[in-house]
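One is the number of the first residue; the rest follow in order along the sequence.
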Amino acid sequence: MSDEFNMSMRKFLKQVGVTSQQAIEDAMRNAETAGQTYAVKATITIPELGLTHDVTGEIKGQE
């Protein structure tokens, strides 16, 4: 793959990571999350390529 492709991919994934973390932290900041575990799902789509990619996991609440 080209350097331009790799750089654009890394830039996108960094943006996804940073903005997702901020959104999750904001949502959990004012909630009582201690002792709770939350199911989480992220979906990345590229409609023009017919791509839908799901990532699932869990996030534990703050103590």
Side-chain angles (χ1 to χ4, degrees):
M1 298 285 168
S2 72
D3 287 342
E4 184 177 356
F5 168 78
N6 286 330
M7 290 303 293
S8 66
M9 174 77 77
R10 287 173 184 251
K11 183 178 178 181
F12 172 75
L13 292 174
K14 183 177 180 179
Q15 182 179 6
V16 168
V18 170
T19 60
S20 297
Q21 181 175 351
Q22 290 170 344
I24 292 166
E25 287 175 351
D26 288 347
M28 296 183 83
R29 185 170 288 116
N30 296 320
E32 181 57 46
T33 63
Q36 297 191 44
T37 300
Y38 299 89
V40 62
K41 176 181 174 182
T43 302
I44 295 178
T45 60
I46 306 176
E48 297 86 354
L49 300 177
L51 171 71
T52 299
H53 177 72
D54 294 325
V55 179
T56 60
E58 293 182 339
I59 296 176
K60 294 185 179 184
Q62 299 179 23
E63 296 294 323

J.: Tell me the closest heavy-atom pair linking T19 and Q15, and the distance in Å.
T.: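 T19 and Q15 have their closest heavy atoms at OG1-O, 2.7 Å.
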
J.: For D26, give me all partners under salt bridge (charged side-chain N to carboxylate O under 4.0 Å, His left out), at least two apart in sequence or on another chain.
T.: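 Expected list: R29.
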
J.: Measuring from atom CG of L51 to atom OG1 of T45, what distance do you get when rounded to the nearest 0.5 angstrom?
T.: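 Rounded to the nearest 0.5 Å, the CG-OG1 separation comes to 7.5 Å.
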
J.: Keeping the roles fixed (side chain from S8, backbone from F5), state whether a donor-acceptor pair exists under 3.5 Å.
T.: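 Yes, S8 side chain to F5 backbone: donor-acceptor pair under 3.5 Å.
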
J.: Closest heavy-atom contact between M28 and K60?
T.: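 The answer is CE-O, 4.2 Å.
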
J.: Above 12 or not: heavy atoms from other molecules or residues under 6.0 Å from CG of D54?
T.: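 More than 12 within 6.0 Å, yes.
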
J.: Rounded to the nearest 0.5 Å, how far apart are CD of Q62 and OG1 of T33?
T.: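 If I round to the nearest 0.5 Å, the distance is 5.0 Å.
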
J.: Using every non-hydrogen atom in the two residues, find where A31 and A27 come nearest and quote the distance to one decimal.
T.: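 Answer, listing the atom of A31 first, then A27: CB-O, 3.9 Å.
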
J.: What's the separation between atom CD in E4 and atom CE in M7, rounded to the nearest 0.5 Å?
T.: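 E4 atom CD to M7 atom CE measures 10.5 Å (nearest 0.5 Å).
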
